[in-house]
Amino acid sequence: MTLPRGLYVAALVALAFLVLPVVGLVTRAHWSTLWSDLFAPASLTALWLSLWTAACATIVCLVLGLPLAVVIARSTTRLAGVLRTIVLIPLVLPPMVGGLALLSLLGRVGLLGKPIFQFSGFSLPYTSAAVVVAQAFVALPFLVITVEGTLRTSGIGHEQIASTLGAGRWRVLGTVTIPLIAPGIAAGTALCFARALGEFGATALFAGNAPGVTQTMPLAIYTAFNGVGITQDSAVALSLLLLVSAAVIVGGLRAWREDAVR
Amino acid sequence: MTEPHGASLFADLSASRGGFAVDLRFEVPAGGCLAVFGPNGAGKSTLLAALAGLLPLRRGEVRLDDRVLEQAGRLRERPEHRRITLLEQKPRLFPHLTLTQNIAFGPRAQGVTRSDARRAALDWLERIGLAHRADARPHELSGGQQQRVAVARAFAADPRVILLDEPFSALDAESAPAVRRLLSAELARTGTTSVLVTHELSDAFPWAESCLVLDHGRVVDSGSPHDLATKPGHPFAARLAGFSVVPGTWRSGSLQVAGASLGGVPDAPLAEGAQAFGIVAPRDVAVRFGDAGGVRTSIRSVSAHAGALRLETTVGLVAELSLAEALASSAGRMPEPGDPVSVTPSALRVVAAPTR
């Protein structure tokens, strides 16, 4: 069926709306000094902090998110609907509100943070660990929803056969369920890592903006355009790095899925 | 077959899943086979899920020899401890495992060492003619080959009972006989007790000593495969056995169909005005073209099988006659859908219409 011509025009405008800002960013970059801007000591610190905190947040998401995804996928339709709504909240919540919520729970006077501080003297906010917590909070839905979708698609037929062959529940989970949904887990992990790498709002409020401790790449970029911290050229170079990472992850996932379909 | 390896299976149960319910009682002796028939939605797969422990019973119990596997609301042995395996129409091989690992899955799950399980799996691959594909993944095989591996995997788990849920229905005409032969040989060799759900009465003949026909979750007919093939007592069973089935009303000692009185012998006394079904073999239905007594109807479809023509009429009666007979009675013209005909069944059995 041929679509109305006006629809193509509208689609083209939408595409331009998404692509042109990226073009603007690319044209702003100083290509001759890109490497030195990217590997300047201050931006390298932010880059390294971002990488390891995002990696830790992804591991936290895997440990917490996989069981949750399995429980949702194998729940009754009603319960699954409720659980899925709860999981999606951080996805639609303004990140700043997420940061405030984390502070209210884990801050020095927070619901859990206060007794922890009184008992041990430990306060989580404004530490690198707080960066990991903030990133995990906003990235967890990506992992859970992706894995849960894969689980629902794969069904329970193989698991039932495995149990009639003599496999107990943990064995079925470890040797059948998890391997069957491995592509979904990989996709969810990649999306989760990308989201953690780009996290800004919750981190800013819950972890602060201390260079070398909590100043991740997005925070360093923001700070640079407020006239402090790394140079604006370094900020643009870091932005390009984030852009390329996102493109590689999304493109890689797409190619992999097409390959899986074939 | 030597000493049967299977256990006797007793079930007196009620279970339901997704709108399908089943409520019945049966016993299969050790090494025996029970065939279960029924239209779609009759509760056949629900029954197998309940026996395998994949679905809790609402009422009753399941026993394997003297061992109680489940008593509704009181005791429930998990599927992995029942030693009842399931073979479905889809092979459901584990796609991430090789053929050897698939077959070794059951033994490994039951604590057999890796090397022993592998050796047993390789023996099975030899037996099913796929030894040269030991390290292949399931997607590299044809549907028939995959189902043969699924049969091997099910038997390698050393079950006391195997549940067969239409195991041939997804196979093409070329690969189905090989799977049938393999399953037949393994059931005979191991003496494993089996419950076979199928849509083909011919599947029951080689294995089943007894059959059940389910409709809306209840047993509506039962007997040996021979009983069902020769004297089915329910319209579904009659169609399954290839009989022509026609609905009508029982009046004045005769089955009335579309204004015609067809006579007939009821299996059991019928009340005047009772809804009933006439059952007759297609070869016992005489056809005359045009208006010539009997039930006046028209041809709905014409098909040919082994030199004979099958004419299905709009009242539901099916007639079978040779091509020469057909040409002789239709003035040399091939019968076509829409042609008016009169059909007269002889040797008509009449059974009461099933109550819901």
Side-chain angles (χ1 to χ4, degrees), chain A residues 62 66-67 69-81 146-190 253 255-262, chain B residues 17-18 45 48-55 69 77-98 101-112 117 121 137-139 149-165 167 195:
Chain A
L62 273 169
L66 272 183
V70 175
V71 168
I72 296 175
R74 299 295 180 250
S75 296
T76 58
T77 313
R78 198 189 178 98
L79 180 62
T146 312
V147 173
E148 195 247 335
T150 316
L151 271 163
R152 280 200 182 270
T153 313
S154 72
I156 57 169
H158 287 100
E159 296 171 5
Q160 290 190 334
I161 291 290
S163 67
T164 66
L165 291 170
R169 284 171 283 187
W170 282 106
R171 193 180 189 93
V172 171
L173 186 72
T175 61
V176 177
T177 312
I178 300 289
L180 276 179
I181 58 161
I185 296 175
T189 305
L253 282 178
W256 188 30
R257 281 189 176 167
E258 279 173 2
D259 198 39
V261 168
R262 219 177 289 132
Chain B
R17 180 175 66 177
S45 295
L48 297 191
L51 295 174
L54 303 171
L55 185 67
L69 296 183
E77 197 145 302
R78 295 196 49 79
E80 62 266 29
H81 299 134
R82 293 194 177 204
R83 295 189 65 189
I84 297 181
T85 60
L86 180 61
L87 181 71
E88 299 174 299
Q89 47 181 293
K90 285 185 185 169
R92 289 202 200 280
L93 297 178
F94 305 124
H96 55 288
L97 301 181
T98 63
Q101 289 166 334
N102 261 283
I103 297 173
F105 186 91
R108 287 287 294 138
Q110 292 166 29
V112 174
R137 303 269 167 178
H139 72 269
V149 177
V151 171
R153 182 180 63 176
F155 278 101
D158 196 24
R160 309 294 306 277
V161 174
I162 184 163
L163 307 174
L164 306 164
D165 193 357
V195 178

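So you know, we letter chains A, B, ... as the sequences are listed, proteins then strands, and number each from 1.
Both the backbone and the side chain of B/Leu86 come within contact range of chain A, with heavy atoms under 4.5 Å apart. Contacts of B/His96 with chain A are made by side-chain atoms alone, with heavy-atom separations under 4.5 Å and no backbone atom involved. Contact of B/Arg83 with chain A is not made at all, since no heavy-atom distance falls under 4.5 Å. Both the backbone and the side chain of A/Ala162 come within contact range of chain B, each with at least one heavy atom under 4.5 Å from a heavy atom of that chain. With a 4.5 angstrom heavy-atom cutoff, B/Arg82 does not touch chain A via any of its atoms.
Distance check, rounded to the nearest 0.5 Å: CD of B/Glu80 to CZ of A/Arg171 gives 11.5 Å. Residue B/Ile103 holds its CD1 atom at 11.0 Å from CG of A/Leu165, rounded to the nearest 0.5 Å. To the nearest 0.5 Å, atoms CD1 (A/Ile161) and CG (B/Leu87) are separated by 7.5 Å. Distance check, rounded to the nearest 0.5 Å: OG1 of A/Thr164 to CG of B/Leu51 gives 12.5 Å.
Atom CD1 of A/Ile156 has 12 or fewer heavy atoms from other residues, nucleotides or ligands within 6.0 Å.
A/His158 places a side-chain N or O within 3.5 Å of a backbone atom of B/Leu93 that can act as its donor or acceptor partner.
Taking the side chain as every heavy atom from C-beta outward, A/Thr175 and B/Phe94 never approach each other to under 4.5 Å.
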